[in-house]
Amino acid sequence: MSWDALYSSAFREVRGRIGRVGRVLLAYNTNIDAVKYLNSDDLEGRIRETGVEEVLRYSDELPGRITSLEHLFGGILWSVKRGKAAELFVESCSVRFYMKRWGWDELRMGGQAGIMANLLGGVYGVPVVVHAPQISKLQGELFKDGPIYVPKVEGGKLTFVHPREFAGDEENCIHYIYEFPRGFRVLGFEAPRENRFIGSADDYNPHLYIRPEFREHFEEIGEKVELGIISGLQALTRENYREAIEEVKRHLEILSERNVPVHLEFAFTPDETVRKALVDMLGSFHSVGLNEVELASVMDVMGERALSEKLLAEDPVDPIAVTEAMLKLAEKTGIRRIHFHTYGYYLALTDYGGEFVRDALLFASLAAAAKAKLGDVRSIEDVVKAMDVPVNPKARGVEEKLREEYGMEEGTALVNNHHLSFVPTKIVTRPKSTVGIGDTISSSAFVGEFALS
Ligand code: AMP
Ligand code: GLC
């Protein structure tokens, strides 16, 4: 079958069965994304006012956190110059105030858990229980209609309500997302690829604040769910990670007693101690999702420097190096499913198999194309329309390499007792925005797979 035919049949299958998926737990990071599409003249003017020399210094080496405007603009420039995403915590109140006055073009649901809640619950109709560290009026309003629930404790009794009905009046956790298109020019630099820089003016998510409802009633919450997706551990530091990780481990134990498969969305984790701790915990998860930078960073802490370099050396990323890295990670941790995504293709390594793993990846690629094209996926019809987006032509070479090395056919192969699934993805040439595409891919593939299995 051609890839087009495989795409349509996978979509039909997943659409027909996604209604069978039981409740999914989504924890922990939910916030408000204030998205600003950068304008060159405006940005250049602001950099000049702040001082070009200092800003340039931070665009070579990212600061650890933002305490000045030089850090803010240095961070934005760091991302633009490389076409790479970065995210820093904004500590200074005066910088937070500056960002607020600078403004935004759109307010959107943010955070892996929040974005996945709107997609799974609001678009696919899969019931979800989501953790939002702070439920402000605005945060509540950003949740779509649908079977989306947060726990609420009244008179010591746990109930589940839609986040809007929670009627929270808590703080706003705002992440300022500075998006730029490919070719964006500032101070003589040109962005090689579309991407974004994020400044998080948020005292809850970066520290993995866990609400009392989740701390005190997790046993009961765990009884209500059939699948779990965990994220938001990426901003922890060696100073603050221990207590937070202990609580996460307790949650994982409760879920594992009930055999709930849990996926970890492995966002870029700059602190090496925390990254190591996450790799050590991977055996408690069923599945993990990561991109090439994240997989390379995991190889780094596993002492596989050469492999890590190989993962970042070519575009598109060498699929043989990716497979080797995934095998090493699976062997070291015992994790049953690894889902790798990069610009142009996805690979999944699983210790079980069949075409349903590949088909779930195809469904995810359609959802990702819809997200890239529209910024927000409003309905399953938006996902169908992404069928018109062409398959990335560069993925042909990737498929050829996999065929030669592993005898792959129609996106499936057996490698060292593992199943390897491959799909060439649909790429939107001029995406509306880039934030949240990774979350769309990972949650659609994970939940899609359970719908089919
Ligand atoms: P992350 O790196 O986790 O934010 O996820 C980004 C992923 O989104 C990449 O690995 C690609 O697979 C996908 N992606 C990025 N840009 C596009 C685009 N223009 N069209 C479709 N998918 C995209
Ligand atoms: C990170 C950011 C959040 C954004 C999300 C998208 O969690 O903190 O602002 O919405 O990534 O994946």
Side-chain angles (χ1 to χ4, degrees), residues 26 28-35 79 83-90 104 106-119 133 139 142 173-179 181-182 193-202 204-208 229 231-235 265-269 288-297 315-317 322 339-347 361 364-377 386 389-392 394-395 398 423-445:
L26 301 168
Y28 299 88
N29 58 329
T30 298
N31 63 268
I32 298 159
D33 279 349
V35 185
S79 282
K84 291 220 180 280
E87 176 165 353
L88 293 177
F89 171 60
V90 186
W104 51 81
E106 257 170 59
L107 288 175
R108 269 203 235 155
M109 175 59 77
Q112 276 84 17
I115 292 171
M116 292 179 186
N118 271 352
L119 180 70
Q139 184 73 77
L142 289 174
C173 298
I174 301 195
H175 293 196
Y176 293 89
I177 316 280
Y178 298 105
E179 289 258 9
R182 177 187 305 232
R193 195 133 119 204
E194 59 276 7
N195 225 319
R196 76 277 174 175
F197 174 80
I198 305 182
S200 347
D202 170 358
Y204 292 85
N205 288 294
H207 303 107
L208 197 69
I229 303 182
S231 58
L233 282 52
Q234 63 267 19
E265 190 52 17
F266 197 104
F268 184 69
T269 309
V288 63
L290 23 66
N291 66 18
E292 67 280 14
V293 178
E294 291 150 10
L295 184 59
S297 77
D315 184 26
V317 186
V322 174
H339 175 184
F340 170 84
H341 59 82
T342 186
Y343 197 83
Y345 72 92
Y346 312 151
L347 278 173
L361 298 183
S365 163
L366 282 175
K371 174 87 179 167
K373 200 157 94 177
L374 304 166
D376 180 42
V377 183
V389 176
V391 166
N392 174 30
K394 283 194 191 162
V398 174
V423 305
T425 62
K426 297 194 171 262
I427 289 288
V428 175
T429 10
R430 294 198 143 267
K432 164 120 199 272
S433 108
T434 64
V435 73
I437 307 183
D439 311 335
T440 303
I441 297 169
S442 297
S443 57
S444 300

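Quantities reported herein were computed from a predicted structural model and do not represent experimental measurements. Heavy atoms only: backbone and side chains are in, while hydrogens, waters and symmetry mates are out. Both ligands and their constituent atoms are indexed starting at 1 by order of listing.
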(message) Considering non-hydrogen atoms of the protein only, which is the closest contact for atom 9 (O) of ligand 2, and what is the distance?
(response) D33 OD1, 2.7 Å

(message) Any atom of ligand 2 sitting under 4.0 Å from a heavy atom of S200?
(response) no

(request) Answer yes or no for G438: is there a heavy-atom contact with ligand 2 below 4.0 Å? (result) no

(message) Taking 4.0 Å as the limit for heavy-atom contacts, which would you say applies to T425 with ligand 1: side chain only, backbone only, both, or neither?
(response) neither

(request) Considering the heavy atoms of I441, write down every atom of ligand 1 situated less than 4.0 Å from one of them. (result) 7 (C), 8 (O), 12 (O), 13 (C)

(request) Say whether D439, considering both its backbone and side-chain N or O atoms, lies within less than 3.5 Å of an N or O atom on ligand 2. (result) yes

(message) With the threshold set at under 4.0 angstrom, would you say T342 reaches ligand 1 through any of its heavy atoms?
(response) yes

(request) Starting from atom 7 (O) of ligand 2, find the nearest protein heavy-atom neighbour and note its residue, name and distance. (result) Q112 OE1, 3.0 Å

(request) May I ask you to check whether G110 has an N/O atom sitting below 3.5 Å from an N/O atom of ligand 2? (result) no

(request) Could you list which atoms of ligand 1 come closer than 4.0 Å to a heavy atom of P431? (result) 19 (N)

(request) Go through ligand 1 atom by atom and flag the ones less than 4.0 Å from a non-hydrogen atom of R196. (result) 4 (O)

(request) Run the contact test for K373 against ligand 1 with a 4.0 Å cut-off on heavy atoms, strictly below, and give the result. (result) no

(request) Report, in ascending order of atom number, the atoms of ligand 1 lying under 4.0 Å from any heavy atom of G438. (result) 3 (O), 5 (O)

(message) Counting only heavy atoms closer than 4.0 Å, does ligand 2 sit against the backbone of I115, its side chain, both, or neither?
(response) side chain

(request) Can you label the angle between the F340 ring and the Y345 ring as parallel, tilted or perpendicular, going by 30° and 60°? (result) tilted

(message) Among all the protein's non-hydrogen atoms, which is closest to atom 1 (C) of ligand 2, and how far away is it?
(response) E87 OE1, 3.5 Å

(message) Please list, in number order, the atoms of ligand 1 under 4.0 Å from a heavy atom of N291.
(response) 1 (P), 2 (O), 3 (O)

(message) Out of all atoms in ligand 1, which are within 4.0 Å of some heavy atom of A372? Include the element for each.
(response) 18 (C), 20 (N)

(message) Which of the numbered atoms in ligand 1 are under 4.0 angstrom from any heavy atom belonging to Y346?
(response) 12 (O)

(message) Quick check on Q234 - does any of its heavy atoms sit under 4.0 Å from an atom of ligand 2?
(response) yes

